[in-house]
Amino acid sequence: MGRGKIAIQRIDNRTNRQVTFSKRRSGLMKKARELAILCDADVGLVVFSCTDRLYEFSSSSMKTIIERYQEAREENNCRFLNPISEAKFWQMEVATLRPQVQNLQNNNRKLMGEELSGLTIRDLQFFQSQIEMSLQSVTKKKEQLLAEEIIQLNKKGIVLQKENVELTKEVNIAHQHKIELQKKLSGESTSGDGDQASGSSNKVPGRSTAYDASEHINLALSIERDADE
């Protein structure tokens with residue numbers, strides 16, 4: 001379980017405030033030391049606690065760093081207060097960066113296989129090694145991206161497979177319901193046909209009986225008529 005974020009505001013509890021100060025001061029000192037070592041930077045760090053206790057770190061002499069800071073601060077203030085000095089500063093920056101840009105462009109053309117005339121065997125071997133290293137980096141990055149893509153596709157395939165299984169189950173259930181419904185409908189149809197057949201067999205004798213009675217009545221009437229005559 002990760003730690004919860006704390007609000008960036010003054011800690012009221014004195015004990016907690018002192019503990020937080022000690023931890024974060026140590027982390028800040030560590031970062032300053034790493035910055036100085038990894039980047040060959042001249043780092044100076046000064047911290048005063050709430051009790052006016054001094055903590056400091058310097059990659060070289062703290063006095064030298066403070067003097068450099070003051071000189072740079074004065075130079076920057078003068079440069080930006082004087083437009084002419086500022087323009088000269090940027091002209092110097094452009095003059096310094098232009099050869100570097102040209103050198104990078106020349107190296108880039110040579111890496112692309114252009115303007116190779118005048119190069120020695122050692123120069124060609126150097127550019128070849130640079131190209132091979134670049135190719136290895138590109139190949140490694142491509143393989144990494146392909147592996148990540150394969151992992152994502154496998155995950156999607158598993159999800160689709162599960163969905164396919166669920167859909168197959170639903171189709172089977174629907175098919176079973178259809179079969180049961182057809183059986184019910186077939187049973188009701190058979191029962192209805194039987195009722196109609198029994199009803200028709202009962203009605204035929206009834207009609208025959210009524211017909212016979214009518215014949216007897218007609219016959220009796222004809223006999224009485226003959227007797228009267």
Side-chain angles (χ1 to χ4, degrees), residues 1-11 16-17 19-45 47 55 57-60 90 93-185:
M1 184 176 180
R3 295 184 306 173
K5 294 183 178 180
I6 64 172
I8 305 301
Q9 59 185 9
R10 184 179 182 274
I11 301 174
N16 294 340
R17 185 167 66 243
V19 171
T20 302
F21 173 79
S22 179
K23 290 182 178 180
R24 301 218 170 192
R25 172 182 53 80
S26 300
L28 184 60
M29 294 289 184
K30 181 181 178 181
K31 292 295 183 183
R33 187 179 299 106
E34 292 175 353
L35 179 63
I37 295 172
L38 295 174
C39 303
D40 194 22
D42 206 3
V43 180
L45 176 63
V47 179
Y55 299 90
F57 167 79
S58 60
S59 57
S60 58
W90 289 116
E93 287 290 319
V94 170
T96 303
L97 293 175
R98 183 177 289 112
Q100 297 180 10
V101 173
Q102 291 178 352
N103 187 28
L104 290 173
Q105 290 176 347
N106 292 333
N107 289 335
N108 185 49
R109 284 193 291 268
K110 289 181 175 63
L111 289 172
M112 296 298 294
E114 303 174 358
E115 299 181 3
L116 300 178
S117 60
L119 296 179
T120 63
I121 297 297
R122 181 174 296 179
D123 293 335
L124 293 174
Q125 288 177 346
F126 171 75
F127 285 115
Q128 183 181 0
S129 64
Q130 292 292 320
I131 293 172
E132 290 175 353
M133 290 176 61
S134 300
L135 182 60
Q136 289 177 359
S137 299
V138 172
T139 304
K140 184 177 180 180
K141 184 63 176 179
K142 183 187 70 174
E143 292 175 352
Q144 179 184 354
L145 292 176
L146 287 175
E148 292 175 356
E149 187 174 354
I150 289 172
I151 292 173
Q152 294 297 327
L153 290 175
N154 288 335
K155 291 181 180 179
K156 291 181 180 179
I158 293 173
V159 173
L160 291 175
Q161 187 176 4
K162 290 181 179 179
E163 292 179 355
N164 187 27
V165 172
E166 294 297 329
L167 289 174
T168 302
K169 290 181 180 179
E170 293 179 1
V171 170
N172 291 334
I173 293 172
H175 183 66
Q176 188 66 27
H177 289 168
K178 181 179 178 182
I179 293 174
E180 293 176 357
L181 183 60
Q182 288 178 347
K183 288 181 180 180
K184 289 181 180 179
L185 292 175

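Only a predicted model underlies this, so the values are computations on that prediction, with no experimental measurement involved.
Remark: Phe21 pairs with Tyr55 by the ring-ring contact (aromatic ring centres under 6.0 Å, His included) rule, at least two apart or across chains.
To the nearest 0.5 Å, the span separating CG on Leu35 from CG on Asp42 amounts to 10.5 Å. Distance CG/Leu38 to NZ/Lys31: 9.5 Å, rounded to 0.5 Å. If you take CD on Glu143 and CD1 on Ile150, they are separated by 10.5 Å, rounding to the nearest 0.5 Å. A distance of 10.5 Å separates CD in Glu163 from CD in Glu170, rounded to the nearest 0.5 Å.
By the neighbour-count criterion of 12 heavy atoms within 6.0 Å, atom CD of Glu180 is densely surrounded, having more than that number from other residues, nucleotides or ligands. Heavy atoms from other residues, nucleotides or ligands lying under 6.0 Å from CG of Asn108 number more than 12.
Proximity of Phe57 to Val47: side-chain heavy atoms (C-beta onward) are nowhere separated by under 4.5 Å. Side chains of Gln100 and Leu97 form a contact here, defined as non-hydrogen atoms less than 4.5 Å apart. No side-chain heavy atom of Val159 sits less than 4.5 Å from a side-chain heavy atom of Lys155. Side chains of Gln130 and Phe126 form a contact here, defined as non-hydrogen atoms less than 4.5 Å apart.
Of all heavy-atom pairs spanning Leu45 and Met29, the tightest one is CD2-SD, 3.6 Å. Residues Ser59 and Ala36 share a closest heavy-atom pair of CB-CB, 3.7 Å.
Checking side-chain atoms of Arg109 against main-chain N and O of Glu114 turns up no donor-acceptor pair under 3.5 Å.
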Should Gln152 and Glu148 be marked as a side chain to side chain contact (heavy atoms under 4.5 Å, CB included) after you check the CA-CA gap, both sets of side-chain angles, and the distance that decides it? CA-CA 6 Å; Gln152 294 297 327; Glu148 292 175 356; 5.6 Å; no

